[in-house]
Structures are given as C-alpha cells and as structure tokens.
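Structure first, commentary second.
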Amino acid sequence: MAGVLIYSDKLNLALELITAGKAINDEVTAVAINDEELAKGLANAGVKVLSVANEAVNVADTAAVASVIKELAGGVKTVLLASNRRGKELAGRLAQKLGAGCLTDVSSFTVNGDKIECQRNALGGATVATQVIVSDKGVIAIAPKSFAPAGEGSGSIELVSLDVSSKVKVLEVKAKSADAVDIEAAEVLVVAGQGVNSQDDLTDIEALAKKLGGEVACTKPVATDKKWLSEERVVGLSGKLCKPELAVLLGVSGQVQFTVGIRDAKTIVSVNTDENASMNQLSDYVLTADLHEVVKDLNSKL
Amino acid sequence: MNIVVAMKQIPDLQQIRIRNRQPVFDDVPLTIGDIDKNALEAAVNLKEGTDANIIVLSAGNEDVEDTIKEALAAGADEAFLILDDDLEDAESSQIATILAAGLKKMDDVSLILFGEGSGDNYSGQVGSRVAELMDLPQVGYVSTIEVNGNVAKVTRSLEDVEEVIEVELPAVISVMAGINEPRIPSVTQILKAGKKPKEVLELDDIEIDLGAATIETNSNLAPESDRKKIVVKSVDELVEKLTAENLIGR
Amino acid sequence: MDEKFDAIIVGGGLAGLASAYTLAQNGLEVLLLERGDYSGAKNVTGGRLYVSPVRDLFPDLWKKAPLERFIAHEEVAMLAGERSLTLRYSGNELANEPYQSYSILRAKFDRWFAKQAERKGAAIITKTKVDDLIIENGKVTGVLAAGDELKADVVIACDGAMSLISERMGIRSPGLPKDHAVGFKEIIELDPNVIEDRFGLADGEGAARLFMGEVTKGKFGGGFLYTNKESISLGMVVSIKDLMEDQDVTAPELMDNFKLRPEVAKLIRGGQTAEYSAHVIPEGGYKALSKLFADGLLVAGDAAGLALNIGVTVRGMEYALASGYYAAQAVIAAKEANDFTASKLSLYEKLLNDSFVIKDFKNFKEAPQVLDNPRFFNHYPEFVGNMMKDIYEIPAGSKDRLYPTMKKYMKFGELWAMLGDLRKVMKI
Ligand SMILES: Cc1cc2nc3c(=O)[nH]c(=O)nc-3n(C[C@H](O)[C@H](O)[C@H](O)COP(=O)(O)OP(=O)(O)OC[C@H]3O[C@@H](n4cnc5c(N)ncnc54)[C@H](O)[C@@H]3O)c2cc1C
Ligand SMILES: Cc1cc2nc3c(=O)[nH]c(=O)nc-3n(C[C@H](O)[C@H](O)[C@H](O)COP(=O)(O)OP(=O)(O)OC[C@H]3O[C@@H](n4cnc5c(N)ncnc54)[C@H](O)[C@@H]3O)c2cc1C
Ligand SMILES: Nc1ncnc2c1ncn2[C@@H]1O[C@H](COP(=O)(O)O)[C@@H](O)[C@H]1O
C-alpha cells in the first residue's frame, strides 16, 4: 500500500527517480511504456518493472499515458515522475485522475513519518517553499539531477496489457540541434545575458570561458528570443540549476527566474553597465563596466 | 468558434521584497503572468482572418476584474471571471475545478489555451488538470499552432526533440514561454477594453465542490544569501581578487 | 477612436491626479496618461506633505488617505566636521488635530489617489508615455502617445520637473543647472516599535529632522529624515550647479557620508534599505516660474516650476496638489464657456495668484539668492559647532571663563557679516 511507483520515458531520469523512491519506501516499482530498452535498464537497477506493450499508447499522448499509470498505481501512495517537460505535463493530468495532490519541480525532500516534506522554488524562484501533500495519494515530479541515478541490482520485468485509445497523432519527431554541453557539471560558467550586443561577441566570450576552464551559459532570452545559444545552456527556473565554483555574469540583470539557477554558485562576479542592476546585490564581485571591454581585457590578461 | 485563454493574476514578482527572508506583498502591483500573455498572443494570431472569438478565463480575487483589462486591451474579446477573495491562495486542483466549471458554461469552445506555467507558482498543473476534468486531449510546451477544421497541428518542444502533433478539437494546449512577443496595447485599445463584455461570477454562482486541500505549505522563505558584494573598480582588481581566491590561474 | 476628451492630463503625480480627480468629480471626461507602471511608482519626494493649505480643496480625501505619521516633533541639526548642534521644537499646534503635516510615501499615496480619481470617473492609463503634443494653428488639441492620436479641448501638463510638454509649447525654456537641485532618497525599513522608541514618539506621531552643514560639504542643500509607519525616509538635496563645480565629491558619496554621520547612523541602525531613488527638483523660486498657460494648454506642479527649495527642505507637494486643483477649476470654467483659448484659461493664473501658492512663492522670492551663500552651509555650522565645543568642553586643566570664550567668536568682522546675512534671511 505504501509503495512508490516511478515513471519517466528517459532512462537516466527514471534511474534518479528510483533513488528518490527508495528514500521514501523500499518497495519501488517502475513503469515502462512500449520501450523494452527502458524496461531492461530499470530492471538492471534492481526494481520490479511493469512493462506495457500497446502500440495504441503513444508517450506523446499525455492522456493515454496518464490512464496507463493510473491503472498501474492502484496500490501505491506516491507516484514519482521526472520534472522535465514531459513529466510536468503528465503530473497534473495523472494527479487529477488519481484525485491526488501534486507538486512539481521538487528539488529535494525529507521524509518525516508518513509526510514527505518537499522543497520547491516558488514566486518565480524568489523563495523556496516546503510543502506536503496531505491527500491519500500524491504525485511528485522531481527536478532532474536532484538525486543520483540508482546503481545496479537485479529486478524483474512483468508484461502488462491495457486497453487505451488515443486522440492525438504524432506526425513527425524532429531532433533539436544537439548540444552536448553539461553546464550543471562545469566548475566555471561564463554567462551571457542580453547585455551582449551581438552573436559575434560570443566568440570572445567562448575564448574567455575556455581560459577560465569552463563553459558558456546564458540567460533564457539569449537562447529563446535571440537563439544565439542552445536551450541546453540556459541557467534558471526553466533552465538548469547550477552550482559552479565561479560564475562570471556578463550583462545579466538578475531577475528572480534567473538568479534561482545561479545562487548556489560559490563565487559570483557580475559585470554590468548598470551599477544598480539587481544582480549586483547577489554577487561577490561587482564590476560596473561594459562587458565587451571587460571580456577583451580579461582575455588579454589571462 | 471560441478560443478560451486561461490567464492568472499574479503579483509583479520584480517588486516583491524580502524582509527577514519572508516575501512581502504589501502594495505590490498585480499583473498577468508573462507566459499567459504568450498564450493570449497565440490566440490573437490564430484569430486573425477568422471569425473566432477570444474569451479570457480567470479565477481569482476581486482585483482580477481590474487586472484583466490588460488582456482585453491586448486582444481578448470578452472576459469570463470567477471571483472570490479566498481564491488568492487556492491550490492548482481547486483552480482547475473552477476553470472547468466555467468552461462547461461556454458553448462552441474549440481551443483552450494555457501557459506552460503561471508566473508565481509555475507548477504547470492547472492546464493538465483541466484537460482531465473536461476529458479533452492535451498538448503542452507548444511553440506553433495551426488550426485546420476540427484538428490542430501543433509543435511540442521538448528538451531534446520537437514533436509535430495532430490533435482533435476541442483540445487543451499549453504554450511554451517566449514563443511570441505579446503586443503592447495602444491607448485606444486600453480605453476600449473597459467597454468589452465581462461575465463576472461569484464562486457561489457556479455551485461546485472545491474538495479538501491536498497541499499544505509549511514555509515559504527566501534562501539565505551572504554575498560579499565587493565593488571592484577595474579588470586588474578583479583578476587580483579572483587569483587570491584561487579561482583563476590554477 | 473618434472620442474626444474634455481634458487630457500628462503625468499622474500629485498635480495630475489632483486635476483628474477634480475634473472627474465635476463630470468632465478626463484621460490621464502616466508613463510609470502605476502612479507613485517612481515619484520621488522627501516625504512631508503639509495638508493644512490644501485640506479644503479636497474635503473628502483626507479621512481615508494612506498618510504615514503626523509630524509632532521638529528638529534642525547643524553638523560641523566633528560636532553638531541640534534645535528641537515641539508645540501644541503640531500635536493636535487637525494636524499640519504628515510624512507620506508616494508609492502608496499616489496609487490610492489614482484609485479615488478613477472612482470619480477619470480614465487613467499607466505604462504609457506621452511623446508629443498635437498642435493645430498654434493651439494644443491633443497628444501623441504610443502611436495613438488622442484629442481633447485642453491638455494639462503635469509631467514633473523635466517637463517636455511645456518646453514643446515654448512656454518654458530648457532647464538651467542653476535653477535645479538634485534630491536623493532612501527608504529604510525599521520595526515600528523601534521607530517610536528611537524618536520618542507616541502612537501615530512622527518626527521630522533636518540637517545642514557638513552634510553637503558646504554646498547649497541639506539632509532630511522623516519617520513613516514602518520605515524612515532619509535623503538630501544638493544644488546641481555646486555639484558640477566640485569635481572631488559625487552625490552618492555625499549620501554615504551622510548615513555614516553618528547623528544619523544611530537613527537608522539595523534598518534595511528598501528603495533608493534620485530626482531633479526645480528650485529657481518665483523668478524661475514658467508661464502657466497657452491656447489649449495648462501647466501644473513641478512642470511649472512650482517647487520651493528653502535650503534644507523642499516644498512641492502641496503646490502640485493646489495647482492641479486650480487648473481643473479653470478647465471647468472654460468648458462652461466652451472657450479654451489662452485668455479664458488665464483664469488659472488668477486663481493661483490669489491662493497660498503664489503668495508663498512671493514671500520666498529672495530665498534662492540669499541661501546661495556658502556661509550658510559651511561657515555657520562650523562656527556654532566650535562655539558650543568651547562652551561644553571640560578640558583636563581648568575651564576658561565663559565670557572670554564667547568673546573670541564675537569678532567685529564676523558679527558684521552675520548681521548682513541675517538681514537677508529676514526677507525670506
Ligand atoms: C516563468 C518564467 C521562467 C523563466 N525562466 C528563466 C530562466 O530559467 N532563465 C532566465 O535567464 N530567465 C528566465 N526567465 C526570464 C527572466 O524573467 C528574465 O527575462 C531574464 O532572465 C532576463 O535576462 P537578461 O538578464 O539576460 O536580460 P535583461 O533583463 O534585458 O538584462 C540585460 C542586462 O545587461 C546590462 N547591459 C546592457 N548592456 C551592457 C553592456 N554593454 N555591458 C554590461 N552590461 C550591459 C543591462 O544593464 C541589464 O542589466 C523566465 C521568465 C518567466 C516568466
Ligand atoms: C528628494 C526630494 C525631496 C522632496 N521633499 C519634499 C517634501 O518633503 N515636501 C514636499 O512638499 N515636496 C518635496 N519635494 C518636491 C515634490 O516631491 C514635488 O514637488 C512633487 O512631487 C511634484 O509633483 P508633480 O505631480 O508636479 O510631479 P511628479 O510627482 O514628478 O509627477 C510627474 C509625473 O509625470 C509622469 N510623466 C513625466 N513625463 C511623462 C510623459 N511624457 N508621459 C506620461 N507621464 C509622464 C511621471 O512619471 C510622474 O509620475 C521633494 C522632491 C525631491 C526630489
Ligand atoms: N487562477 C487562474 N485563473 C486562470 N488561469 C489560471 C489560473 N491559475 C493557472 N492558470 C492557467 O494555468 C496555467 C498553469 O498554471 P500553474 O499550474 O499554476 O503553473 C497558467 O499559465 C494559466 O494559463
């Protein structure tokens, strides 16, 4: 009854969910839908896997996936999902089906008796809320990389068949330009904000990142509006939560949705022409100057 | 054809102050979440050249009646509001129940648009919950929408791939942040907004059971920050400080 | 939209809101355009409003207005390099209703005032900047804002100290540094109990403190402090001309030094700065007042130069409120006569002349010239500081007799100059 069911269509995230699930209850069951590789990978992490094979269920159909998981979640109290886009979209629908409370973007939790006290960012990242689901059942979506992936073990696979229909049709799947960068792992980040004048200036900024032994990251508009860098490099609430040793912020104003992604950095340097930029209040070193000059200067001095 | 856009009133996040780690909401002006504005703009773009009617749907406290003018000025044709002062702190499941009840009072709804997340809570649940309550198909994180008869062709933008999806209407679609540049209404549009039709219901009018709360909030605090905030005057001084901290030149 | 307004008001500060409120109350169609996120969002003031002179102009307004504390205690401090002299004044007229003056926070007050004007029927649109006037045959007929042409019988320019609107109509020449000061202000949050203890305040009471001398390093100006309900408004005013002439010190540095003065530091200890702002103040006095009207145009508040800098304090808010009110009265009369020419609108000037506003300006006519004298901001504070030191100091040895101590300061030349300055001050 008290068991945990976990689901993500991404193996790496599902493995993290196993670790999170074990912190709640020893009895962790995983779900795989039309994906034998995923089922095997999960079984190799030592859990029981319910493997659904039904071509009518497309993982792109949130309603169908929610129906499947509801069927399989009969006996459990808590369902863990990944808080990536797919997982977040699923969370609300599944919770509504289960009559469950739901928390998404949960970055950590502590188990206190039968209560799971979850931490998640609130108010756009200005605050961290500690919240508890008090309904009988709960759906929790866990932010990627909040838990280590589960190690090896020996689990089992049980094939399940279910009857589900679908109202959506996937016409095409296009890969996004692959950017294999892992800004969360970088020790040093040089973050380009909208203060950067043009895409050409990124060459110098990349050179600086290289000299500092780090990666170039950016604020959201630099990736989504200007499309100068891939979304993989976005720091913040809807991007990555990073903890580098050193973060050099270039032309970043410091809105909450961004700062939430960098506030765990050990040392923060802010370069901004505006001495009153809110980012300066949250930085260790503040240099009021034109970032383009500063980057050139740093490149020549390092 | 009606296109409904669900929009949430939120405090202007940039103006919330933190005092003793607590957020202070006194005198913080109210506005509408950015992504919800993207959803409205998407609706306005869809409407162009059709006879579609855009209804903005919102649940919240009495101030919504004022706040929603922004949406009426930016292209919504009418507003459907469900107001109660207790709704300020209502949780996602309750808001979804209310919005679904409102939707059930409307005719000929073909698309219900949401933002990927509200400006303050950003939990991305309400749209999905409404889809379930209305038993409709849904697609989230949508970057493009095309309507052809009774189907919509949309692009869902995931972290690694883009899915081009065809979905039967009516459907629930949540748009991704920043997919368009919401228009800034002109003065005349703002003045006209005041005269657009508004259906305002009290929570009591819709006779629904909100159900018990499913979430309790134990605390909501700003993280402690003890940044040094040292102002350096030159690049040389910066290099010197960072070298001293062994952060560069290792 | 073909709709035409009776009046369009540019700027939703106190002058603009007072106009909008009064016009709407009298049933006129009025549109107010404010470029800020909301009225009061960026409006800077020291924070002391003298309600007495404007109480009767807005009889319904004051009961519920979000005023902070009534000022029951006045202090002026002369700061010298290492010492200071403070005068404290308390009086019955300060501590009894109706109270003369209150501390206020514009973000709260203006926003609330805007709501009241809306309730009376004014259309208020924020986040919208007026870019230009529409002028036809030498007469103002509307404004251009965000690409829209908006028409009205009269435009009232209430767009503050840097008014572009009145410059556009040529009724005011671009500002000269000598006619302006710059003000800085911080709002420092403190627990109400701490405020009341520190300043010795009873319930609802507030304190006003002014600082002269070392604060501005001898420049024309001074520092001020007002207690609000849960915060302190601390700031200073300095002449732009003096600042420009002295390359050694910047305004933010002056402000930092001011906060470090022990007399000030102990009052704000433990507080958190919630807001920092800076703003220009017109301070040319009566002689620098602009022309107040043209065909289809009226100018009110700071836009017309209606702020008085008396050295350490600035008064502008009640002038803004009153001029907004009188501008509205002139428009109401013009509407009745359906005549919006300059000659009809000149009623505004007449009303202002008969009111406390222009009387104050005439009474203080000499103030800018007299006070533009470094002795007031530098020499006298130092002088009284030293004198007091000699009076109060008990040295290791025996203390001098008091008379020779005093006499040391009473040199003939000193006395003569002081007398001269004093005579000029009497003219203010
Ligand atoms: C729900 C939601 C989620 C969001 N998630 C994220 C997120 O994950 N990550 C994110 O980053 N944003 C996010 N945002 C957007 C966020 O609110 C801000 O819009 C964004 O962070 C601003 O980016 P910026 O600082 O680069 O740009 P701006 O705010 O435009 O700031 C540019 C800065 O550059 C400075 N500048 C200009 N020229 C120069 C120069 N020559 N030299 C030096 N400095 C200069 C300016 O003074 C300014 O401070 C989100 C928003 C919402 C509503
Ligand atoms: C530091 C400081 C201390 C002061 N202390 C005091 C004091 O203690 N007591 C006192 O009585 N007075 C004081 N004053 C003066 C007082 O604040 C002003 O005289 C008063 O605010 C003037 O009101 P106003 O409505 O004319 O102008 P403002 O309050 O400046 O309002 C002008 C409005 O117009 C808007 N605006 C400008 N241009 C446009 C445009 N093109 N389109 C649309 N909107 C526009 C602005 O956003 C603003 O809201 C002080 C001033 C300063 C700076
Ligand atoms: N109170 C509300 N009224 C109308 N729409 C809402 C409300 N709350 C949330 N929404 C919609 O649901 C979306 C997701 O909200 P959330 O689940 O809070 O992240 C928002 O982007 C809005 O489109």
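We name chains A, B, ... by the order of the sequence lines, and we start the count at 1 in each one.
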task = Considering only heavy atoms and a distance below 4.5 Å, find which of B:Val24, B:Val187, B:Thr31, B:Asp26 pairs most often with chain C.
result = B:Val187

query = When heavy-atom pairs shorter than 4.5 Å are enumerated against chain B, which of C:Lys108, C:Lys127, C:Gln272 gives the highest number?
reply =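 Among the listed options, the one with the most contacts to chain B is C:Lys108.
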
Best-contacting candidate, C:Ala123, C:Ala41, C:Ala274, against chain B by heavy atom pairs under 4.5 angstrom = C:Ala274

ask   = Relative to C:Tyr38, does C:Arg111 satisfy both conditions: NZ or CZ under 6.0 angstrom from the six-membered ring centre, and within 45 degrees of the ring's axis?
value =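 Yes, C:Arg111 lies over the aromatic ring of C:Tyr38.
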
Given 3.5 Å as the limit, does a donor-acceptor pair link the side chain of [X] with the main chain of [Y], or not?
| X | Y | value |
| --- | --- | --- |
| C:Asn43 | C:Arg106 | no |
| B:Gln9 | B:Val64 | yes |
| B:Ser174 | B:Phe114 | no |
| B:Asn2 | B:Asp107 | yes |

task = Please flag which part of C:Glu275 lies under 4.5 Å from any non-hydrogen atom of chain B: side chain, backbone, both or neither.
result = neither

ask   = With a 4.5 angstrom heavy-atom cut-off, which part of C:Ala107 approaches chain B: side chain, backbone, both or neither?
value =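 Neither; nothing under 4.5 Å.
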
